[in-house]
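Report on the structure given below.
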Amino acid sequence: MSEQATPDSETPTIELARVFDAPLALVWQVWTDPEHVKHWWGPHGFSTPLYEADLRTGGTMRYHMRAPDGTVFPSEGRFEDVVLHERIVVVGTVEIAGSVVFTARTEARFSEANGRTTVEIRQTYTNVSPIGQQAIQGAPEGWAQQFERFDSYLHSQAS
Amino acid sequence: MIEQLSRGNLTVTDLARPLSITLQGTIKHLDVLAAAGLITRRKSGRSVVCSLEPQAMVFATSWLNERRLVWEARLDRMASYLDTLQNGAAS
């Protein structure tokens, strides 16, 4: 980690929440224990051959996701904050083809009500590299086309 | 408008000139772009200069949606896995 991600109001962010029909202690275990994480972290067809996490504030983590074609996507990060059964904040990088393509700060909040557990995720992205933008979008089309499409869309919103 | 800005920073008047919309219309359009975080505006003397936020543009397209789908799918898998664990059928 060479750069600290410092989100502000303009940082690209996604937020989502999910209610699991399971007690908080189990959800927390499945979320944090590498043996459990391997069962759900990667997309279908992907495996997670490596997942290590020193789950404490200041601790580090790293994992590898392996695509069906054998390509490995490494990721590493540091726990910014860990509060047992409440909150995990991790700031990490994702690599594609040996280059860091973006930094993500992921905050997960856990709460339980009536035996069901809510997990709220807020993820912000910084330091997105041009390589990452290309790789992620997989879009051969030029910027101009993209601008044009987006411009028309926004124009329709403004009028 | 965004395409114009992709070639360099421009004032509101410069942006309005080649378009078939009024200055007011241009300002309204720029308000939307600024609210979406796609451009920034700053005062320079008596003009307002607009610049593109290229990083925001990338995210504003499909990327963030993809990230959200990745997480939704991940949480789906986690829910199934939790079901498996709780039904005692864990491998």
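Here is the naming used below: chain letters follow the sequence lines, and residue numbers restart at 1 for every chain. Note that the structure is predicted; figures quoted are calculated from it, not measured.
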Next on the checklist: Same cluster or not: Leu84(A) versus Phe110(A), using hydrophobic residues (I, L, V, M, F, W, Y) connected whenever any side-chain heavy atoms lie under 4.5 Å apart?
Outcome noted: yes
Next on the checklist: Please output the residues of residues 22-33 of chain A in contact with chain B, using a heavy-atom cutoff of under 4.5 Å, in numerical order.
Outcome noted: Ala22(A), Pro23(A), Leu26(A), Val27(A), Val30(A), Trp31(A)
Checklist entry - How would you list, by chain and number, every residue that makes a side-chain contact (heavy atoms from CB on, under 4.5 Å) with Ala16(B), sequence neighbours excluded? => result Leu23(B), Thr26(B)
Checklist entry - Can Val119(A) be reached from Leu16(A) by stepping across I, L, V, M, F, W or Y side chains whose heavy atoms are under 4.5 Å apart? => result yes
Item to check | Region of Ala73(B) in contact with chain A, defined by heavy-atom distances below 4.5 Å | outcome: neither
Item to check | Part of residues 47-64 of chain A lying next to chain B, heavy-atom separation under 4.5 Å | outcome: none
Checklist entry - Is the number of heavy atoms from other residues, nucleotides or ligands under 6.0 Å of Arg66(A) CZ greater than 12? => result no
Item to check | Path from Phe46(A) to Val37(A) over hydrophobic side-chain contacts below 4.5 Å | outcome: yes
Checklist entry - Applying the 4.5 Å side-chain criterion to the ILVMFWY set and letting contacts propagate, would Ile39(B) and Ile27(B) be lumped into a single cluster? => result yes
Checklist entry - Once you round to the nearest 0.5 Å, how far does CD1 of Ile14(A) lie from CH2 of Trp71(B)? => result 7.5 Å
Checklist entry - When you check the gap from the basic side-chain N to the acidic O, do Arg68(B) and Glu15(A) get nearer than 4.0 Å? => result no
Checklist entry - Which bit of Thr117(A) comes within less than 4.5 Å of chain B, counting heavy atoms only: side chain, backbone, both or neither? => result neither
Next on the checklist: Please find the pair of heavy atoms, one from Tyr81(B) and one from His36(A), that lie closest to each other, and give the distance.
Outcome noted: OH-ND1, 2.6 Å
Checklist entry - Are any non-hydrogen side-chain atoms of Asp76(B) and Trp40(A) less than 4.5 angstrom apart? => result no
Item to check | Heavy-atom donor-acceptor pair, Arg77(B) side chain to His39(A) backbone, under 3.5 Å | outcome: no
Checklist entry - So with a 6.0 Å cut-off around CG of Asn114(A), is the heavy-atom count from everything else above 12? => result no
Next on the checklist: Are Ile121(A) and Val90(A) connected into the same hydrophobic cluster when the rule is that any two of I, L, V, M, F, W, Y join if their side-chain heavy atoms are below 4.5 Å apart?
Outcome noted: yes
Item to check | Residues forming a side-chain hydrogen bond (donor to acceptor under 3.5 Å, both in side chains) with Asn9(B), sequence neighbours excluded | outcome: none
